[in-house]
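Taking it in order: structure first as structure tokens, then the write-up.
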Number of protein chains: 2
Amino acid sequence: MHEVANPVTTVETAFEIVEYIAEHDDAGVSEIAADLDRAKSTVHRHLGTLVQRGYLVENDGYSLGLRFLDLGLDARNGRPLYHEAHAKVDELADRTGEKVWCMTAENGRSIHLYGASGAQSVRTDSREGDVGYLHQHAAGKAILAHRPLEHVGNIVDRYGLPTRTDDTITDGDELFEHLERIRERGYAFNREESIPGLYAVGAPIADDRGVAIGALSISGPANRLAGETLTEEFPELLLGAVNEIEINLSHG
Amino acid sequence: MHEVANPVTTVETAFEIVEYIAEHDDAGVSEIAADLDRAKSTVHRHLGTLVQRGYLVENDGYSLGLRFLDLGLDARNGRPLYHEAHAKVDELADRTGEKVWCMTAENGRSIHLYGASGAQSVRTDSREGDVGYLHQHAAGKAILAHRPLEHVGNIVDRYGLPTRTDDTITDGDELFEHLERIRERGYAFNREESIPGLYAVGAPIADDRGVAIGALSISGPANRLAGETLTEEFPELLLGAVNEIEINLSHG
DNA sequence: AATACCTGTTTCGCTCACGGGAACAGAACT
DNA sequence: AGTTCTGTTCCCGTGAGCGAAACAGGTATT
């Protein structure tokens with residue numbers, strides 16, 4: 001997993017500060033210095049340079065600058081997956097009325113790449129750009145199931161299997177069994193493993209070499225995602241959409 | 001303008017590398033080192049640490065990681081302006097059929113905060129997150145016109161008045177005259193100052209202290225944005241929308 | 001197949017600048 | 001005036017970031 005021998009520690013502290021501010025909006029020098037166990041002077045200098053470059057803004061405390069928006073949308077636009085999935089996600093949300101997500105994986109974590117809401121879709125706290133754990137979602141499990149086993153092992157070693165609800169998979173062997181069945185079936189379910197009362201179906205999107213680079217998912221309340229809607233209708237819709245995306249991705 | 005005495009140079013080089021990659025997708029160690037005049041080993045170590053943190057990804061060269069998307073959308077979500085303007089921008093795009101933008105300013109630069117396309121809207125190369133110059137757009141000029149003169153002077157000193165088309169304002173005195181008229185009128189026009197053939201109207205959004213924190217604009221082809229559509233109808237629509245946004249911003 | 005020429009990786013000292021402590025300043029509140 | 005926060009500035013020691021060069025791996029060229 002490409003371990004770095006000597007990371008540039010100064011850059012690490014800079015991003016520690018940035019990430020702290022992302023979580024504690026409008027934080028000040030003293031607060032940051034105290035919480036990150038650094039000298040105030042150090043934090044002060046870092047903040048100054050980050051502001052000067054537009055990565056932070058100062059008004060009544062420091063907060064994230066919109067420079068990150070530029071880079072972030074650039075990063076998303078650079079993914080062919082985003083362009084191909086965009087319209088399909090909208091279409092699925094429209095047809096099903098539920099919440100539809102395109103997820104991808106990076107660094108062993110899941111990322112909500114693009115989402116669309118249907119007419120009656122639930123409102124979760126998920127947001128585009130959100131970073132999460134692959135084993136906690138239908139889409140994430142679909143991705144894991146279509147990756148080399150060794151790769152999955154590395155991810156589990158690296159991040160563990162953090163829990164979210166009583167039904168989150170927290171045992172390695174259990175996860176591998178699940179993935180086995182998902183692989184046979186071709187798509188994954190999520191029954192309250194991330195949010196109580198929320199069900200979901202997810203199907204993987206593979207590149208031309210057959211490796212999953214992302215997934216689509218449809219999620220909604222357990223009472224609506226029941227019976228054949230969950231086990232037949234939605235999977236079929238997903239597989240159709242995924243198939244089209246895969247063709248567009250590989251044909252160029 | 002809050003000049004920083006001793007910036008953390010290591011952090012600066014890190015972001016130089018990030019910004020280089022933003023412009024040169026899939027760049028490699030040697031290429032970056034050569035173009036930025038640094039030792040390969042230095043670049044290599046920086047890349048390693050940035051990858052480890054999820055800010056870059058490596059596959060056939062380095063490209064921006066989706067970690068930036070997380071931070072970027074966080075930054076945008078942190079702005080009340082974004083939340084209040086969102087629905088209004090959609091509505092204006094729907095009613096006018098043209099391209100509508102909500103812009104804001106940061107660090108003396110303009111940022112496309114949120115945009116919506118109407119049924120017949122032109123396709124420009126503008127993108128959400130884009131960083132530009134305030135004097136080149138209707139929205140940007142609207143913002144400048146409703147900022148303290150001294151503030152405008154600082155911005156001009158800092159960035160100059162880069163040109164884009166034959167009609168871009170490149171002279172300081174001319175700019176101040178324009179701004180004077182915009183201030184009296186309450187909104188700004190852009191007649192091919194950023195893109196040939198493109199006209200636009202922009203109106204400023206002020207906070208409760210009367211300082212412009214952003215602006216809305218409607219832009220389209222010069223042949224459609226002509227006569228009273230440009231001088232009466234669209235300005236009126238904009239002022240109505242802006243007024244509502246301002247109330248929502250200050251009341252809650 | 002041997003060469004040349006890229007690429008990225010690693011090593012290893014030098015010295016620069018990052019980091020921390022402390023002193024300073026300014027505001028808010030008692 | 002005193003206290004206690006805040007953010008800012010100064011300065012010095014040393015840790016670590018930087019660069020040169022050697023090394024390795026891969027591809028193209030002859």
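So you know, we letter chains A, B, ... as the sequences are listed, proteins then strands, and number each from 1. Note that this is a predicted model, so its numbers are computed, not measured.
The CD atom of Glu58(A) sits 11 Å away from the C1' atom of dT8(D) (whole-angstrom rounding). Straight-line distance from the CG atom of Leu56(B) to the P atom of dG8(C): 14 Å, rounded to whole Å. In this structure, Asp26(B) places its CG atom 15 Å from P of dT7(C), rounding to the nearest Å. Spacing between atom CG of Asp60(A) and atom C1' of dA27(C) amounts to 13 Å, rounded to whole angstrom units. Between the CG atom of Asn59(B) and the P atom of dT7(C) there is a distance of 18 Å, given to the nearest Å.
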Side-chain donor-acceptor pairs under 3.5 Å in residues 33-43 of chain A, sequence neighbours left out?
residue, atom, partner, partner atom, Å
Asp35(A), OD2, Tyr20(A), OH, 2.6

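Residues Gly132(B) and Arg109(B) share a closest heavy-atom pair of O-NE, 2.9 Å. Contact between His146(A) and Ala142(A) at its shortest, heavy atoms only, is CD2-O, 3.0 Å. Arg164(B) approaches Thr168(B) most closely through the heavy-atom pair N-OG1, 3.0 Å. For the pair Ile245(A) and Ile205(A), the tightest heavy-atom approach, listed with the atom from each and the gap, is CG2-CG2, 4.0 Å.
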(request) Would you mind building the protein contact string for nucleotides 17-26 of chain D? One character per nucleotide, 5' to 3', B for base within reach (heavy atoms under 4.0 Å), S for sugar-phosphate only, - for untouched. (result) BBBB------

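With the end axes of the helix from dA1(C)-dT30(D) to dT30(C)-dA1(D) each set by five pairs, the angle from one to the other reads 40° at 10° resolution.
An OP1 or OP2 oxygen of dT9(C) is reached within less than 4.0 angstrom by a side-chain nitrogen or oxygen of His44(B).
By the salt bridge (charged side-chain N to carboxylate O under 4.0 Å, His left out) test, Glu128(A) pairs with Arg76(A), sequence neighbours left out. For the side chain to side chain contact (heavy atoms under 4.5 Å, CB included) test, residues two or more places apart in sequence or in another chain that qualify with Ala138(A) are Asn190(A), Ala200(A).
A salt bridge links Glu180(A) with Arg183(A); the closest basic N to acidic carboxylate O contact falls under 4.0 Å.
The aromatic rings of His86(A) and Tyr114(A) lie parallel to each other, their planes meeting at an angle below 30°, with 60° marking the opposite boundary.
Listed by residue number, Gly28(B), Val29(B), Ser30(B) are the residues of residues 27-36 of chain B with a heavy-atom contact under 4.0 Å to DNA chain C.
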(message) Could you walk me through whether His112(A) and Arg127(A) satisfy the side chain to side chain contact (heavy atoms under 4.5 Å, CB included) test, starting with their C-alpha distance in whole Å, then the side-chain angles of each, then the deciding distance to 0.1 Å, before giving a yes or no?
(response) CA-CA 7 Å; His112(A) 287 64; Arg127(A) 219 199 51 213; over 6 Å; no

(message) Show, in sequence, the C-alpha distance, side-chain angles and deciding distance for Tyr62(B) and Val29(B), and conclude whether the side chain to side chain contact (heavy atoms under 4.5 Å, CB included) test is met.
(response) CA-CA 8 Å; Tyr62(B) 293 86; Val29(B) 177; 4.1 Å; yes

